[in-house]
Every structure is written in structure tokens, then in C-alpha cells.
Amino acid sequence: MGDSKGIKAVKAVNKPGCTIVDGPEGMNGQFKYGDRRNCTGWATLPIVGATWDHDVQTRFGQMYGEDALYASIPIAYAPCADTLRSPYSGRTSEYFSEDGVLSYYAAKNVSHGMRTKGLIGTVKHFFLNEQEAGRQGISTFANEQAIREIYMRAFEGSLAEGDSLGVMTAYNRIGVMYAAASQGIQHILRDEWKYDGYIIDDALTASAYSSAPEMLMAGNNIFCLDTARPTEIEKLINDTDDGDLLQKVLDSNRYMYYIMLKSSMGGASAEEIVVSDAAPWWQIVLRVLDVVAVVLLAGAVVMYVLHTYTKVFSKKAVANQN
């Protein structure tokens with residue numbers, strides 16, 4: 001599936017369409033109820049982290065989720081849990097802390113607060129995405145101890161120990177492999193952390209260092225702000241009859257439908273689809289046949305009783321009626 005600031009309805013399975021927004025410090029959207037103003041701009045995430053208060057951080061997530069309900073939005077790209085390497089980074093306002101443990105708890109608390117309101121928070125950008133300038137395609141290197149103790153630790157609270165169901169990968173390479181195509185990310189999330197939510201890439205259209213099939217095989221479930229790659233995948237499967245790619249498509253749908261069922265799923269509009277409890281035509285036909293069969297059976301029982309135990313159908317009674 002492709003994301004175009006939301007996911008289209010799938011009428012075949014009665015899945016409504018939904019809106020997805022960005023904005024770690026507040027959703028980039030408008031309320032659909034109330035005064036219909038722009039969604040609230042909240043405190044920057046370094047301020048949220050600096051409270052050192054689990055309850056306040058959870059409450060931040062709840063208030064963000066409350067906004068999502070008024071905006072009819074079930075999925076948001078927030079919060080961010082990358083590491084503050086420099087106060088001059090282009091996204092300093094979106095990251096909690098320079099400390100992996102503080103970010104661990106802050107991201108976990110905020111994500112939990114969002115979930116209590118039916119919002120699927122998508123923690124980003126996973127991982128080693130610590131700079132804004134030139135981050136597309138840059139190769140990032142670190143040893144495993146530093147990665148696990150600092151850079152991945154900030155995400156672990158939400159994705160392994162918490163109840164987050166969304167994660168976004170990053171523009172950078174991990175070593176020389178594009179993050180969204182790294183089998184290591186899939187291994188960490190699915191195998192080590194038992195994460196069962198969805199994985200989305202950062203908003204990167206076709207480029208020299210990204211490959212849609214590689215991304216899909218590495219566990220990417222949906223393409224951010226990109227509806228061309230799903231078409232590419234579909235064509236490739238039809239042309240090659242690749243069962244592995246097809247299985248990954250099926251897996252991706254399972255993850256996406258799962259998180260939508262866990263969300264408020266408030267983004268459907270009447271123009272897109274009408275979700276109905278009406279029975280399909282074949283069930284109605286079977287029910288009608290059942291009723292007819294019951295009526296005929298009841299009539300047969302009555303006829304049998306009258307014929308066997310009464311004189312209603314005797315030759316004399318029939319003759320008198322004639």
C-alpha cells in the first residue's frame with residue numbers, strides 16, 4: 001500500500017479510508033469538529049523530556065491523542081526518538097534528549113498516552129538519524145554497543161517494552177545499506193523485540209540508493225508519501241510470479257489492518273465507503289429458504305396429525321365437503 005497523507009478505502013473488505021499526519025509537536029492538520037481550527041501546537045519534545053515526569057509525559061500523549069480524535073485522525077508520525085548530538089541540528093525540537101535512557105522512558109510514556117486515545121503513534125526515525133543536513137544517503141557507522149546503549153535504546157521503550165504500533169525508518173544508510181532496506185532492522189523489531197506494529201519508510205521517492213523490492217523484503221509495510229512504489233511492486237509480482245514478494249505484500253496488509261483495528265479509525269468519510277452490518281445476498285437467500293422449509297415442515301406435521309388422529313381427511317368428510 002502507498003501513503004498519500006492517508007490510506008484509501010478498500011471496499012472489498014469494508015475498510016474505510018483514513019488520514020495520516022505528521023507533526024511531533026502537534027499534528028499538521030485541522031479539527032473536523034468544534035471550531036475547526038488548526039490542531040494544537042504543543043511543547044517541543046526536549047521540553048517534554050526535561051520534565052523528568054512519567055505522568056506529565058503520558059498526559060502529553062493523551063492530549064495529543066485527544067486532538068487526533070477531534071481531527072478524525074487514527075495515525076500520526078510522532079513522537080521522534082533520535083539522539084540530540086548537537087543543539088544546532090535541524091530537528092533539535094523534535095527529539096527528547098541526548099540521553100538514551102531518558103528518551104527510552106519519554107517515548108514510551110508519550111506513545112502509551114496516544115494509544116489510550118486510539119491514536120497510533122509512529123516513532124521515528126529508526127535509527128542513527130542524528131543530523132538533518134545531508135541525511136539522505138549518508139552512511140552512518142557505530143559499533144554495536146553504542147547502537148544498543150544509546151541510539152536504539154531511545155526507541156526500545158516504545159517498540160519493545162511499550163505498546164507502540166508504529167515506527168518509521170530513516171533516510172540514512174546504516175553502514176552502507178539504506179535503513180529501510182536493512183534486514184537488521186526487521187530482525188531487531190520482529191525477532192528480538194517481538195514488535196507487531198507496522199513499519200513505514202521516511203518520505204523518500206525513487207532514488208539511486210533505495211529499491212522498492214529490497215525495502216519490502218526488509219520488512220517495510222507501506223511507502224510514505226509514495227503511491228508509485230506499490231504499483232512497481234504489483235507489476236514486478238505479475239511479471240515474475242515472485243512468491244516471496246507476494247508473501248511480503250500479504251504480511252504488510254496483515255500488519256496494516258491490525259494497527260487500524262487497534263486505532264480510533266475515525267478517518268472514513270461517507271463519500272468513500274459506507275460500513276454496513278447488512279448480510280451478503282447469499283445469506284439472505286439461505287435465510288429465506290430456511291423460513292420456507294420451516295413453514296412447509298410445520299404444514300406437513302399438521303397435515304399428518306389431522307390425517308392420522310382425526311377424521312378430517314376421511315372419505316366421508318371429503319365427500320360431505322364436495
Determine whether E232 and K235 satisfy the following criterion, salt bridge (charged side-chain N to carboxylate O under 4.0 Å, His left out), listing intermediate values before the conclusion.
CA-CA 5 Å; E232 175 189 343; K235 184 178 185 303; over 6 Å; no
For D202 and R135: C-alpha separation, side-chain torsions, deciding distance, then whether salt bridge (charged side-chain N to carboxylate O under 4.0 Å, His left out) applies.
CA-CA 11 Å; D202 203 349; R135 68 189 179 119; 3.5 Å; yes
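Residues satisfying the ring-ring contact (aromatic ring centres under 6.0 Å, His included) criterion with Y209, sequence neighbours excluded, are Y178. Listed by chain and residue number, nothing satisfies the salt bridge (charged side-chain N to carboxylate O under 4.0 Å, His left out) test with R59 (two or more places apart in sequence, or in another chain). By the salt bridge (charged side-chain N to carboxylate O under 4.0 Å, His left out) test, D35 pairs with R37, sequence neighbours left out. With sequence neighbours left out, S182 forms a side-chain contact (heavy atoms from CB on, under 4.5 Å) with M177, I185. K194 meets the salt bridge (charged side-chain N to carboxylate O under 4.0 Å, His left out) test with no other residue; sequence neighbours excluded.
A ring pair (Phe, Tyr, Trp, His ring centres under 6.0 Å) check over residues 107-149, counting only residues at least two apart or in different chains, returns the pairs F126-F155, F126-W193.
I120 approaches S263 most closely through the heavy-atom pair CG1-CB, 3.6 Å.
More than 12 heavy-atom neighbours from other residues, nucleotides or ligands sit within 6.0 angstrom of CD on Q283.
Residues R85 and Y95 have side chains that never bring a donor and an acceptor to within less than 3.5 angstrom of each other.
Put simply, L84 and V123 are part of two different groups of oily side chains (I, L, V, M, F, W, Y) that touch within less than 4.5 Å, one to the next.
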